[in-house]
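Only one structure is covered here, and it is reproduced in the block below.
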Amino acid sequence: MIFTDKKIERKPRKYFKDLSSTDGEKILESIKQLLSENINSEKELISLVEKFTELSDIVSEEMGRRYINMTRFADKPEYSEKFNDYFQNVVSKLKPYSIEVEKKIYNSEFSKKLPNEYQHMLKIISNNIELFREENIPLQVEERKFSNKYGSIYGSIVVDFRGEEKTLQQLLPYLKSPDRTIREEAWRKRFEGLLSRKEELDKLFDELKEIRIKQAKNAGFENYRDYMHNLKGRFEYSVEDVLQFHESVEKKVMPFFEKRMKRRAEKLGIESVRPWDTSVDVDGKVLKPYNTIDEFVNKAIRVLGKVKRVFGERLEMMKNSELLDLENRKGKAPGGYNYPLPETGAPFIFMNATGQSSDVRTLLHESGHAMHTFETVNIPIEYYRPHRMEIAELASMSMELLTMHHWNEYYKDEDDFRKAMIEELESALLFLPWCMTVDAFQQWIYTHPEHTAKEREEYFGKLMDKFNRGIDWSGLDFEKNNRWMFQLHIFEVPFYYIEYGIAQLGALSIYKNYVENPEKAIEDYHNFLKVGYKMPIDKVYEVAGIKLDFSEKHIGEIVEFVEERLNELEGE
């Protein structure tokens, strides 16, 4: 089935038609020009906001293209150098001028007279101005250089597995092998490969930690955690609310977690679930959703088209425009992402597909981000694009669940289809304890800044004992305590993780609505995509038909719903 043979049509510029995205001097001249403009009416102030947005889009596009190349070819230092050069010589130099433009907008006598739709923007700008410190710019440049090293280190690790050279990513499919010996060997090889670079990674993280703490101190904060909470503009919930989320998950999700691990052990016929037993299908079957990358993409296009035709059309246009790099290969950075390219008018999807069922979830997850980009890329107020991850991740995680009923495109066998849905639902809820682990770990790190590498890994081990109950790590304390080193967010994007938990909870709520009323849930979801960040997160969630709620009661209701759905699928 072909929805469209069209390619993406590049967005026309309105204000800076001849400005080169690589000409740093001209870009600086352009932003200085914005600062010199006289604002004599609300209309002229709105025009300034739109010009500032277009200039930001020009820089974001160039930054995006360089980031994409850096991750696609992580083993080629020239791409990393080009990215770092642009960040240092263009992006970082723009920052102080950007803040001055924001001050010009915020302090204008006409800002108070702007229509209501601009008032949320003024709140965001106010927060940016309050937290900006010029002395943090060189620290951010340095931090970016160091954090990029993680992907280079991880992507370069190869191990010998049964006579073949494998990346850590390429070992993942073996964790699903019905042969427990193979699973254990692959699991140990992954840790062996990563921990062979432990000393280097510990040193890298300590350097990052110190740079981050300096930024918080410069901004007048007692610790980096509180600084980041404010810097991320988390107006709608507090650090205490996040801690309540940790507690609610421990009380309501951990019993479900332990129950599922006990069931897994019984199904596998083993005494206890070891870390290498968590991914294998309990009935001993490895799901094989596709054979080639073309097949993989085309099936995703059809799945998305069944949810809403326009979703399928858009992914197909991305394919036609070469905006996809999906297959794992040596030299690629780990992970997956959707990178918005505002001048192109579409995003780029990057991932590391290795032929397993989780690839389906990843592509549909990133497709959720992509649909969000398409719906918001033309909003003329840059602040209203879905930068807040609680919103962005709700779009992607919900797309996984909303497409789930159409995964028979990938799994023609009814049992395989059912297994895939069980995997998705189970993993959605089982993810929450890991999310709390990563967030709690970072909260401890940055509120105990004088800790040693040894104390850090010991504390992580304690969190694993709390949020990984039901999995037997006996004799594996060293691996357990250093499991955090696989989590790129801790190195590259600190405190960007709790958003996944918030969004996962929201996505399960959207799916609950979908089970009750599919058409309305899809309509609410599409309306939510269009909103972007035009209003506070709790209001955005209301548009999606759900609520922002970390209480035990709410989380308990979601757990109960998922258990009911799993019982139906498992025939129990």
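Computed from a prediction, not measured in an experiment: that's the story for all the values here.
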Donor-acceptor side-chain pairing of Glu563 and Asn567 below 3.5 angstrom:
no
Mind checking whether Lys512 and Ile546 have side chains closer than 4.5 Å, heavy atoms only?
no
Cationic tip of Arg456 above Trp444 ring, under 6.0 Å, 45° of axis
no
Establish, yes or no, whether a centroid distance under 6.0 Å links the rings of His448 and Tyr459.
no
Quick one: side-chain hydrogen bond (donor to acceptor under 3.5 Å, both in side chains) pairs with a partner in residues 534-546, sequence neighbours left out?
none
Relative to each other, are the rings of His526 and Phe311 parallel, tilted or perpendicular (30° and 60° limits)?
perpendicular
Aromatic ring pairing Tyr384/His120, orientation class (parallel under 30°, perpendicular over 60°, tilted between):
parallel
Before we go on, tell me: are the rings of Phe491 and Phe205 under 6.0 Å apart, centre to centre?
yes
Measure centre to centre between the rings of Phe191 and Phe486, then say whether the value is under 6.0 Å.
yes
Any side-chain heavy-atom pair of Arg361 and Met399 under 4.5 Å:
no
Evaluate the ring planes of Trp407 and Tyr411, with Trp represented by its six-membered ring, and classify them as parallel (under 30°), tilted (30 to 60°) or perpendicular (over 60°).
tilted
Specify whether Tyr150 and Tyr154 have parallel, tilted or perpendicular ring planes, treating 30° as the upper limit for parallel and 60° as the lower limit for perpendicular.
tilted
Centroid separation under 6.0 Å, is that true for the rings of Phe495 and Tyr446?
yes
